[in-house]
There are 2 protein chains.
Amino acid sequence: MTLKWMHTSSCAVTRSLGVLGETWTILIIREALTGTTRFADFRDALGLAADVLSRRLNTLVDYGVMSKDAYQEPGSRTRFEYRLTDAGRELEIVVGALQQWGDKHLPYAAGPTIERRAGRTGRPVHVAFIDDLGYEVPHADVETIQTDVYPAE
Amino acid sequence: MTLKWMHTSSCAVTRSLGVLGETWTILIIREALTGTTRFADFRDALGLAADVLSRRLNTLVDYGVMSKDAYQEPGSRTRFEYRLTDAGRELEIVVGALQQWGDKHLPYAAGPTIERRAGRTGRPVHVAFIDDLGYEVPHADVETIQTDVYPAE
DNA sequence: CAGGCTGAGTTTGAAACTGAGACTTAGATC
DNA sequence: GATCTAAGTCTCAGTTTCAAACTCAGCCTG
């Protein structure tokens, strides 16, 4: 899966997963959010096969999540850097939600290895549901309403 | 991938994806959040192969995201229902974040097919970063700080 | 300028996973 | 006893991943 039909689904979750749902993709984005831009750095940090990394980066570029630009360091030939676009940077909330859930429900490591703070105030931030007035809504009080049937094909 | 090493990673995102990162899993959870509990209903709604659904549901039960309980309707034999645990229900924020991102960056369908509201006030809710005082922090102001190196294996 | 180094891939072949349909199982119903 | 249904399991062909080897282009060294 993770193919054609997902990109044209009427369900936004399905469309997102059509772009992000392949193995490694979200880890690549997590890595990019910490500043990684080069092919070899992604490969070394994640330990995935180069062919898979190549395909994933190209898919992300195709869907506007990352950009691929040539750059040249003095004394080196032209290379490429992969950077998150604005759309890609907005995935931080998805990565943050996954991290928060893992920290709470899959406890294992000594502690969190990624932290998030507001740049201006330096205060720690977390991911939450808020209503249109800006008040946090406890997840137990959030109701999901399906407004249309999702077609199987 | 999506195997052993992910479950023991020091990165919470990786551990989460070890449970949720296989194909179909998040769609199964989206479906469960709308109230689906039966094997055949998941299969019909998602259109996935029965063997994959069986494996995914069992994985989710194994990791405490869903429970599998016998129930009996009058005039029928015992069957099983799969329900989200508290941990599973907290994935609503992950699904919500994916939906929001898809709605914004992968526009396609006539409109959203899932909506979320606060049960008590009925107000529409969305997913956001908030700081420890409860104020929303715009995603552009959120900084990611990696506090430990993620080991490749 | 021959040879080596490095980043960024591509190629290759074995292993693992997925999809679709056939088959199984256990009660309920005819 | 034969049939129906939900919930799976089995089988096998096709796809995807993994790991290692290989390619390619420019830079650097002797």
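Residue numbering restarts at 1 for every chain, and letters A, B, ... go by the order of the sequence lines. Here the structure is a predicted model, which is why all the values come from computation and not from measurement.
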Handout entry: OP1 or OP2 of dT16(D) under 4.0 Å from side-chain N/O of Thr23(A)
Key = no
Exercise for the section: Scan Phe42(B) against the nucleic acid and name what it touches under 4.0 Å (heavy atoms): base, sugar-phosphate only, or nothing. Expected result: nothing
Exercise for the section: Classify the angle between the aromatic ring planes of Phe42(B) and Tyr82(B) as parallel (below 30°), tilted (30 to 60°) or perpendicular (above 60°). Expected result: perpendicular
Exercise for the section: With heavy atoms under 4.0 Å as the rule, sort Ala49(A) into base, sugar-phosphate or nothing. Expected result: base
Practice task
Rounded to the nearest angstrom, tell me the gap between atom CG in Asp44(B) and atom C1' in dA20(C).
Solution key: 15 Å
Completion exercise
Which of dA7(D), dG7(C), dG8(D) is nearest the side chain of Arg79(A)? It is dG7(C)
Exercise for the section: Rounded off to whole Å, could you give me the CG-to-C1' distance for the Leu57(B) and dA7(D) pair? Expected result: 11 Å
Exercise for the section: Specify the separation, in whole Å, of atom CZ of Arg38(B) and atom P of dA6(D). Expected result: 9 Å
Completion exercise
Taken in chain and number order and not counting sequence neighbours, the residues that satisfy side chain to side chain donor-acceptor pair (under 3.5 Å) with Thr36(B) are Glu31(B)
Exercise for the section: Compare side-chain N and O positions of Arg55(B) against OP1 and OP2 of dT18(C) and report whether any pair is under 4.0 Å apart. Expected result: yes
Problem - Distance, rounded to the nearest Å, where Leu53(B) contributes CG and dC17(C) contributes C1' - result: 16 Å
Exercise for the section: Can you sort out the partners of His126(A) under side chain to side chain donor-acceptor pair (under 3.5 Å), two or more places apart, ordered by chain and number? Expected result: none
Handout entry: Sidechain-backbone polar pair: Ser54(B) side chain, Ala50(B) backbone, donor-acceptor under 3.5 Å
Key = no
Problem - For atom CG of Leu48(A) and atom C1' of dC18(D), their distance in whole Å - result: 10 Å
Completion exercise
Ranking dA7(D), dG9(C), dG8(D) by distance to the side chain of Tyr82(B), first place goes to dG8(D)
Handout entry: Atom-pair distance (CG on Asn58(B); C1' on dA7(D)), nearest Å
Key = 11 Å
Exercise for the section: Check the distance between dA26(C)'s P and Tyr71(B)'s OH and give it to me in whole angstrom. Expected result: 18 Å
Fill in the blank from the handout: Of the listed dG9(C), dA7(D), dT17(D), the closest approach to the Phe80(A) side chain comes from dG9(C)
Practice task
Give a yes/no on whether any side-chain N or O of Arg56(A) is located under 4.0 angstrom from OP1 or OP2 of dT17(D).
Solution key: yes
Handout entry: Residue-phosphate contact under 4.0 Å: Ser54(B) side-chain N/O, dT9(D) OP1/OP2
Key = yes
Exercise for the section: Between dT11(D), dA8(C), dT12(C), spot the one nearest the side chain of Asp51(A), thanks. Expected result: dT12(C)
Problem - Nearest-angstrom distance from the residue atom CG of Leu46(B) to C1' of dT18(C) - result: 15 Å
Practice task
Establish, with yes or no, whether the OP1 or OP2 oxygen of dT18(C) is under 4.0 angstrom from a side-chain nitrogen or oxygen of Trp24(B).
Solution key: no
Handout entry: Donor-acceptor contact below 3.5 Å, side chain Trp101(B) vs main chain Ala87(A)
Key = yes
Completion exercise
Residue pair Ala50(B)/Ala50(A) against DNA chain C: nearer the 5' end by closest nucleotide is Ala50(A)
